[in-house]
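Worksheet for the structure shown next.
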2 protein chains.
Amino acid sequence: MSLRFAILGSLAVQPASGYDLVKRFDKTLNFVWWASHGAVYTELGKLQADGFVEPHETGPRGRQSFAISDAGQDALREWLRTPAVRHARDDLILRVFSLWLLDDDAAAAYLDDLATEFRGRLAEYESRVRDEPAPDSGTDGRAHAFDQLALSAGIAHERTMLAWAEDAARQVRAGED
Amino acid sequence: MSLRFAILGSLAVQPASGYDLVKRFDKTLNFVWWASHGAVYTELGKLQADGFVEPHETGPRGRQSFAISDAGQDALREWLRTPAVRHARDDLILRVFSLWLLDDDAAAAYLDDLATEFRGRLAEYESRVRDEPAPDSGTDGRAHAFDQLALSAGIAHERTMLAWAEDAARQVRAGED
DNA sequence: ACATACATGTAAATGGTTACATGATTGT
DNA sequence: ACAATCATGTAACCATTTACATGTATGT
C-alpha cells in the first residue's frame, strides 16, 4: 500500500518516468523503500486511473514521465496524517533468536557478518550526506532538508546496530551469552 | 520466506500448535516478526509436507501441536548460514521524505507522534527484560540468552529512534530543517 | 446459561517479485 | 558492428492479510 505513496512523494518533488522512479528509490530512499520495475509500472497505471498522476512528457525510446495531480497531492497529505502502526519485519534480527543452535564460534561469526553489513551501510549513508549536492536554486531546499532528516535516521540506526552487533559478538565469544 | 524459519526456530525451542505459535510470536519476537493465524496454519501444512515438522501431541478442541524434525533442524541451521541481504522497508521513515509538504507545525507533530510510538515500544521491551522469568531448569538457558540478545537489539533501536525523533521535531520547530 | 478463550481451517483479495518479452538509442 | 543502457509492459508466481466459517472447553 505504501508503494503508491512512495511514488507520489517522489513525483511531488519532480516529475519522473517509471524508469526514473526505480533509480531514484535506489539512490535516495533505498534504506526505507525500494521497488521492482514491474511493481512501479503497475502502480503508475493504477495511479493514473485514480487521477493521482498525469502524463507529463514523452521522450525517446517510449519514455513517458508523469507528474502528480492536485488530487494526488491531497492523497499524499492525507497519508501523512495517518499514523503508521506496525513496524517492519526484520529478517536479520529474527535469525538471532535461533543462533543458540550454532556453537559459539559460528554464532559470533554470524554477528560479525551483521556488523560488516551495518558498517558498509553506515559508510554509504555517511558518504551520501557529504556528497549530497546543495539543493537546486529554484527550489527552496525544504524537500532536501527533510531528505537529510530521514537520512540521519538511517545513519543513527546503522550506527546503533553496528555497536550492538560488535558488542553481541564480543559477549558470545566471552561466553557471556 | 522467513515465516517458515520463524516457525522452525520457535519449534526448535519447544513443540507448539499453530495457535501457540501466533501467541509466542506476539509475546517474544513481535518486534522483528509476527504472523496471522491464516499464514501459520498454511505454512505448518507445507512444513509437514516437506518433512520439516512432525505431529507431536493432540489435545482438547482439536489442538494439534508439532515438533521440529531432524530435517527441519538442518534446514534451520542452513538458513542461519545464509546471510540476509535486503533490510526491511520502513513505512514510518518513508513518510519523513514527504513531510516537507506539510507546514512546520504539522511536520513536527508527525515527529512527535513517532516519538510517542518509539517511547511506548521502548518501555514495553524494557519491561520485558525485567519480567522475563529465569530460564526453566531442565534447559541450559542458551536459547534464553540469545532471546535477550535479540531483545537488546530491539531496545537499542527504539532508544535511538526515540532520540532521533525528539531531536528532529525540535529542529523542525526551530526552523533548522 | 453465557461469555470468553481456545483452536483450526480455507477462500478471496492484496501487494509484491521474478521472469518473460520487446525494442530504441547512445557511445565506442 | 556491438555492447550497454534506456525504457516499457505483462504474466506467473509467491507470501501474506482479511474475512468467512466452524466448533469446543472453561470459568463464572
Side-chain angles (χ1 to χ4, degrees), chain A residues 1-8 10-11 15-27 29-30 32-50 52-53 55-66 75 79 82 84-91 94, chain B residues 1-11 15-27 29-30 32-50 52-53 55-66 75 79 84-91 94:
Chain A
M1 196 68 250
S2 299
L3 172 57
R4 79 173 359 205
F5 298 108
I7 292 175
L8 288 175
S10 193
L11 294 183
S17 67
Y19 190 87
D20 294 338
L21 286 166
V22 173
K23 288 207 304 179
R24 272 194 205 170
F25 287 171
D26 217 51
K27 271 199 313 191
L29 42 80
N30 67 336
V32 287
W33 208 262
W34 63 88
S36 61
H37 84 264
V40 168
Y41 288 113
T42 304
E43 194 61 42
L44 273 174
K46 289 185 199 164
L47 283 164
Q48 195 178 359
D50 291 342
F52 292 161
V53 304
H56 181 62
E57 288 174 353
T58 53
R61 282 166 293 203
R63 178 186 166 83
Q64 174 62 63
S65 69
F66 292 89
W79 175 70
T82 314
V85 263
R86 182 73 88 164
H87 69 117
R89 285 183 164 117
D90 189 337
D91 205 79
L94 175 61
Chain B
M1 194 66 254
S2 298
L3 173 58
R4 78 173 0 205
F5 297 108
I7 291 175
L8 287 175
S10 192
L11 294 183
S17 67
Y19 190 87
D20 294 337
L21 286 167
V22 174
K23 288 208 305 178
R24 272 194 205 171
F25 286 172
D26 218 53
K27 270 199 314 192
L29 42 79
N30 67 335
V32 286
W33 209 263
W34 63 89
S36 62
H37 83 264
V40 168
Y41 288 112
T42 304
E43 193 62 43
L44 273 174
K46 288 185 200 165
L47 283 165
Q48 196 179 359
D50 291 343
F52 292 161
V53 305
H56 182 62
E57 287 175 355
T58 53
R61 283 165 292 203
R63 179 189 166 82
Q64 174 63 63
S65 70
F66 291 89
W79 175 70
V85 264
R86 182 73 87 166
H87 70 117
R89 285 184 163 116
D90 189 337
D91 207 78
L94 175 61

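As the structure is a prediction and not an experimental result, all values here were calculated from the model. Just so it is clear: chains get the letters A, B, ... in the order the sequence lines come, proteins before strands, and each one is counted from 1.
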Hey, is the main chain of [Y] close enough, under 3.5 Å, to the side chain of [X] for a donor-acceptor pair?
X	Y	result
B/Asp20	B/Ser17	yes
A/Ser2	A/Phe5	no
A/Glu57	A/Gln64	no

Rounded to whole Å, how long is the line connecting atom [atom1] of [X] with atom [atom2] of [N]?
X	N	atom1	atom2	value
A/Leu44	D/dT8	CG	P	9 Å
A/Asp91	D/dA15	CG	P	13 Å
B/Arg24	C/dA7	CZ	C1'	15 Å
A/His37	C/dT17	NE2	P	12 Å
A/Arg4	C/dG16	CZ	C1'	14 Å
B/Leu21	C/dG9	CG	C1'	15 Å
B/Asp26	C/dA7	CG	P	16 Å
A/Ile7	C/dG16	CD1	P	9 Å

Among C/dC6, D/dT17, D/dA19, the one nearest B/Tyr19 by side-chain distance: C/dC6
Residue met sooner reading DNA chain C from 5', once A/Gly38 and A/Arg61 are mapped to nucleotides: A/Gly38
Check whether any side-chain N or O of [X] sits under 4.0 Å from OP1 or OP2 of [N], and answer yes or no.
X	N	result
A/Tyr41	D/dG9	no
A/Thr42	D/dT10	no
B/Trp34	D/dT17	yes

Nearest-nucleotide comparison on DNA chain D, the residue closer to the 5′ end among A/Arg63 and B/Ala39: A/Arg63
Heavy-atom side-chain proximity of B/Phe25 to B/Ile7 below 4.5 angstrom: yes
Any side-chain heavy-atom pair of A/Leu47 and A/Leu11 under 4.5 Å: no
Which part of the nucleic acid, if any, lies within reach of [X] when heavy atoms closer than 4.0 Å are counted: base, sugar-phosphate only, or nothing?
X	answer
B/Lys23	sugar-phosphate
B/Glu43	nothing
A/Arg89	sugar-phosphate

